[in-house]
Each structure stands twice: as structure tokens, then as C-alpha cells.
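These figures come from a predicted structure and were not determined experimentally. The first residue in the sequence is number 1, and the count goes up from there.
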Amino acid sequence: MKTNMRLGLVMIVFSALVFGTAALAQQQQQQQAQPPQYRQQPAPIALEKIADNIYQVNGGSGANAGVIIGQKEIMVVDAKMSEESARQMLDEIKKISALPITVLTLTHSDGDHVNGITAFPADIKIWAHEETKHYMDEAFKDEKQRAYLPAIKTFASGGPEYDLGGRKVELLYFGPAHTSGDIVVYIPEEKVVFLGDLYFAGRDPLVHRHKNGNSFGLVKVLQSVLALDVETFLSGHADKATRADIEGMIQTLQEKQAKIKTLVAEGKSLEATLESFGLKETPPAQEGRPRFMNLVEVIWLELMESTFKKK
Ligand SMILES: [Zn+2]
């Protein structure tokens with residue numbers, strides 16, 4: 001009897017351990033299946049030195065951000081996803097430079113790049129593409145966030161050159177890609193660019209059709225970026241990348257586009273096209289979140305649209 005009870009107890013402890021571990025693994029898997037910006041318990045904010053006075057901001061909630069320190073002032077690239085993370089980022093920057101943070105450049109309008117805007121001083125200068133401001137105007141409901149909208153200076157093509165006191169930063173627009181308002185922040189002297197979400201590593205790039213993004217545009221924009229004198233490519237959700245990484249992403253993307261083009265020409269349905277990539281249609285969006293279409297679906301729709309336009 002006693003032995004049985006002990007055995008029972010051992011069994012209970014054992015199964016709790018096994019199932020507990022399984023549940024934890026499942027939870028971790030679920031978290032990893034989500035886009036990085038929705039994962040919980042982010043790593044603390046840390047500045048990674050990229051070049052002389054240029055840093056990538058890792059950790060916190062939302063996408064990687066950037067810091068460019070000039071001779072007189074500091075530009076921050078992207079604003080993290082929460083006020084708390086953005087505030088921690090500003091605190092970390094203060095630890096490495098006493099210069100004022102005077103300008104914020106937004107690479108595009110996604111929440112994980114802009115929602116922390118309220119941590120910035122009220123008199124901050126903000127640069128964004130005009131489409132980005134438009135999407136932020138649509139998305140911002142909170143009065144505290146909306147208060148920053150009038151401060152956003154925009155441009156539609158080309159882009160301004162910004163002088164941080166002896167340090168030149170170019171804000172460039174090459175057309176719709178991840179969204180219709182992506183800008184590239186280029187520091188020619190150091191051969192560094194901040195790409196926002198124009199580059200992804202180890203996964204398909206995200207193209208937001210609901211923000212007029214375009215996969216063929218993405219190829220064109222990345223080719224334009226490669227035409228610049230750049231060696232280091234920083235982005236929202238990957239480690240720093242090289243020219244070969246960008247070329248590799250373009251090649252993979254073009255191969256996918258070519259394969260889907262053949263399938264569309266053969267009259268394949270979306271379902272059949274997805275199937276040939278071992279995919280199913282993306283489930284409908286969860287409440288309060290956009291529906292992230294997979295890249296195959298995006299390309300199929302783009303090709304169908306251009307087929308119909310021609311006819
Ligand atoms: Zn994005």
C-alpha cells in the first residue's frame with residue numbers, strides 16, 4: 001500500500017515535470033511563431049556599436065532602432081513599440097553622449113517602429129515619408145500620440161539631407177516596397193544604411209498590401225540601395241547585414257516571383273499556388289492586429305492584378 005502510494009506520488013511528480021516541460025516548449029513555440037514585435041518579455045535595451053558614433057538599438061519592445069551622433073546633435077531612427085522601451089532607449093543614449101537628441105526619423109509607419117513616439121521630447125523634429133504620416137494619422141487613436149503628428153515633416157520623393165553638425169545623413173525614398181512610405185537612412189561617410197523593414201533574414205520579407213507595399217517594388221528599392229556606396233545594412237528585425245545578404249534576399253525573392261509567375265500563367269488558383277509551396281491561406285486577422293499575408297499570396301495577387309490590367 002505504502003509502496004503504491006509512493007509510486008503514485010512519483011508518477012504524479014514525473015508527469016507534472018514531463019507535461020510542464022511540454023507545455024513550456026509549446027508556449028515557447030507559439031511565441032516564436034508570432035512576429036518578433038509581439039513576443040513577450042523582451043531583452044533589455046542595449047546599444048550595439050556599428051561604426052564611429054553609429055549604433056543599433058537592440059532589445060526592448062518593437063523593432064531595432066538606430067542612433068546617429070553628430071557633432072552637435074543626435075538623430076534617432078525609429079521609436080520602438082512602447083513609450084517605456086523608447087524611454088529606456090533615450091536613457092541608454094544619454095549614457096554614451098551628452099549631446100541633445102533633436103531629431104527622429106521614422107523608416108515607416110508600423111506600430112513596432114513608431115508607437116513609442118510619446119517618449120520623445122515635445123519639441124522633437126520628426127522626419128517621415130508623407131505616406132507614413134498618413135498611415136500614422138489613420139492608426140493613432142490616443143490623443144497623446146496624435147499630439148506628435150503636426151511635428152512630422154514629410155517628403156514625397158527624393159529626400160532631404162540632414163546635417164547633424166558636420167555629419168551628413170541622407171533620407172532617401174525609392175518607392176513602395178514593405179509599405180508605400182519606406183525611407184532609407186544613409187550615412188555616406190560610414191557606408192551605413194538603416195533599412196527599417198526592407199530586409200529580413202531567415203524568413204520571407206513582409207510586404208504590407210494594406211499599406212500599398214509591393215514585392216516587385218521591394219526588389220527595385222533594394223537594388224537602388226545596393227547602388228549606393230554601402231557596406232553595412234541595419235534593419236528592424238535582423239542582425240547587421242552585408243551586401244551579400246541583401247543580394248541573397250533579392251535573389252530568393254526573384255526566384256519566388258518567377259515560380260509564381262509561371263503558375264499564374266498556367267492559370268493556377270491561389271490555393272493551388274500556395275499548395276505548391278506547401279502553404280495554406282493565412283487565417284483571418286486576430287482582433288486588433290493586421291492580417292499578415294504570406295509572401296506567396298502577396299506575389300500571386302500582384303501578378304493577377306498586372307495580368308488583368310494588361311487585358
Ligand atoms: Zn514594418
State, to 0.1 Å, how close [X] and [Y] come at their nearest heavy-atom pair, and which atoms those are.
X      : Y      : value
Tyr173 : Ser157 : CD2-CA, 4.2 Å
Lys80  : Ala65  : CD-CB, 4.2 Å
Ala63  : His237 : CB-CE1, 3.6 Å
Glu170 : Pro188 : OE2-CG, 3.8 Å
Gly236 : Asp197 : CA-OD1, 3.7 Å
Ala238 : Gln56  : O-NE2, 3.9 Å

If you apply the rule salt bridge (charged side-chain N to carboxylate O under 4.0 Å, His left out), what do you find for Lys95 with Glu92, and how did you get there? CA-CA 5 Å; Lys95 287 180 193 168; Glu92 287 303 311; 2.7 Å; yes

If only atom types and distance count, is the side chain of [X] paired as donor or acceptor with the main-chain N or O of [Y] below 3.5 Å?
X      : Y      : answer
Lys133 : Ile152 : yes
Thr252 : Gly248 : yes
Asp78  : Thr107 : yes
Tyr186 : Val225 : no
Tyr148 : Thr118 : yes
Thr132 : Gly181 : yes
Lys141 : Glu138 : yes
Ser85  : Gly60  : no

Please indicate whether Asp239 has more than 12 foreign heavy atoms, meaning atoms of other residues, nucleotides or ligands, lying under 6.0 Å from its CG. no

Could you measure the distance from the [atom1] atom of [X] to the [atom2] atom of [Y]? Nearest 0.5 Å is fine.
X      : Y      : atom1 : atom2 : result
Arg243 : Ile246 : CZ    : CD1   : 9.0 Å
Arg209 : Ser215 : CZ    : OG    : 9.5 Å
Leu195 : Asn64  : CG    : CG    : 11.5 Å
Leu198 : Leu206 : CG    : CG    : 11.5 Å
Leu99  : Ile93  : CG    : CD1   : 11.5 Å

Going by the side-chain contact (heavy atoms from CB on, under 4.5 Å) test, name the single residue among Leu274, Asp204, Val207 that passes it with Asn294.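 Per the side-chain contact (heavy atoms from CB on, under 4.5 Å) rule, the option paired with Asn294 is Leu274, out of Leu274, Asp204, Val207.
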
Checking Val57, Ile124, Leu104 against Val76 for side-chain contact (heavy atoms from CB on, under 4.5 Å), the one that qualifies is Leu104

Is the NZ or CZ atom of Lys125 positioned over Tyr162's six-membered ring, under 6.0 angstrom from the centre and within 45° of the axis? no

Do we see a donor-acceptor contact under 3.5 Å between the side chains of Ser109 and Lys211? yes

Between Glu247 and Gln251, a side-chain donor and acceptor under 3.5 Å: no

How are the rings of His108 and His113 set to each other: parallel, tilted or perpendicular (split at 30° and 60°)?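 Geometry flag for His113 against His108: tilted rings.
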
Do the ring planes of His208 and His178 sit parallel (below 30°), tilted (30 to 60°) or perpendicular (above 60°)? tilted

Determine whether [X] and [Y] make a side-chain contact, defined as any pair of heavy atoms from C-beta on separated by less than 4.5 Å.
X      : Y      : value
Ile74  : Ile68  : no
Leu253 : Ile299 : yes
Phe277 : Lys259 : yes
Asn214 : Glu302 : yes
Pro44  : Gln88  : no
His129 : Thr179 : no
Leu301 : Met293 : yes

Please lay out, stage by stage, how Ile126 and Ile117 fare under the test side-chain contact (heavy atoms from CB on, under 4.5 Å). CA-CA 10 Å; Ile126 307 170; Ile117 200 168; 3.9 Å; yes

Take Tyr55 and Ile69, measure what side-chain contact (heavy atoms from CB on, under 4.5 Å) needs, and give me the verdict at the end. CA-CA 9 Å; Tyr55 296 82; Ile69 303 175; 3.9 Å; yes

CA sep, side-chain torsions, deciding dist, call: Arg167, Glu190, salt bridge (charged side-chain N to carboxylate O under 4.0 Å, His left out): CA-CA 10 Å; Arg167 178 157 225 176; Glu190 306 291 344; 3.0 Å; yes

